[in-house]
Amino acid sequence: QVQLVESGGGWVQPGGSLRLSCAASGSIFSMNAMVWHRQAAGKERELVAGINSDGSTNYADSGKGRFTISRDNAKNTVYLQMNSLKPEDTAVYYCSADVTRRGFGRTIYWGQGTQVTVSS
């Protein structure tokens, strides 16, 4: 079994920063892409950023220039550094990972999400 656990969310004022972490644990043979999505209340889930096993990254326009995704392969952990936060960044942020497990092939796993609230 594989689990993804997000941490680092919370409440900040506009212009503040947060660093989200997502740690994968369990029987992981290898990990390919790791991705952050977010879902604001009443809205659809949207892509925030993704990072491949080779370190290449992709960003949605919403976080471009403000957000940075990175990973630590030794720790099976992905990070999302968020700077200059805006109220419209308020959402539940979800981590997902493309994981290969011995005997089970490749499967996408999702974390439970962490709440980010940006307000005065």
Sequence neighbours left out, what pairs pass salt bridge (Lys or Arg N to Asp or Glu O under 4.0 Å) with at least one residue falling in residues 67-80? none
Could you note down all residue pairs passing disulfide (SG to SG under 2.5 Å) where residues 69-120 supplies at least one of them, sequence neighbours left out? Cys22-Cys95
Would you list the pairs meeting disulfide (SG to SG under 2.5 Å) in which at least one residue belongs to residues 30-74, sequence neighbours left out? none
With sequence neighbours excluded, residues passing side-chain hydrogen bond (donor to acceptor under 3.5 Å, both in side chains) with Gln81: Asn83
For Gln115, all residues meeting side-chain hydrogen bond (donor to acceptor under 3.5 Å, both in side chains), sequence neighbours excluded: Thr117
Give every residue pair that meets the disulfide (SG to SG under 2.5 Å) criterion with at least one member in residues 29-67, sequence neighbours excluded. none
In chain order, what residues pass the side-chain hydrogen bond (donor to acceptor under 3.5 Å, both in side chains) check against Ser25, with sequence neighbours excluded? none
Could you pull out all donor-acceptor pairs under 3.5 Å where a side-chain atom in residues 47-54 meets a protein atom, sequence neighbours excluded?
residue, atom, partner, partner atom, Å
Asn52, ND2, Ser56, OG, 2.9
Ser53, OG, Asn32, OD1, 3.3
Asp54, OD1, Ser56, N, 3.0
Asp54, OD1, Ser56, OG, 2.8

Interatomic distance, CH2@Trp36 vs OH@Tyr94, rounded to 0.5 Å, equals 12.0 Å
Can you list the residues that meet the salt bridge (Lys or Arg N to Asp or Glu O under 4.0 Å) rule with Arg66, with sequence neighbours excluded? Asp89
Quick check: are there more than 12 heavy atoms from other residues, nucleotides or ligands sitting under 6.0 Å from CD of Gln39? yes
Quick check: does any side chain N or O of Tyr59 sit under 3.5 Å from a backbone N or O of Gly65, one acting as donor and the other as acceptor? no
By the definition salt bridge (charged side-chain N to carboxylate O under 4.0 Å, His left out), identify the one residue from Glu88, Glu6, Glu46 that meets it with Arg38. Glu46
Residues forming a side-chain hydrogen bond (donor to acceptor under 3.5 Å, both in side chains) with Trp110, sequence neighbours excluded: none
Among residues at least two apart in sequence or on other chains, which ones pass side chain to side chain contact (heavy atoms under 4.5 Å, CB included) with Phe29? Thr100, Arg102
Only counting residues at least two apart or in another chain, list the ones meeting salt bridge (Lys or Arg N to Asp or Glu O under 4.0 Å) with Asp98. Arg106
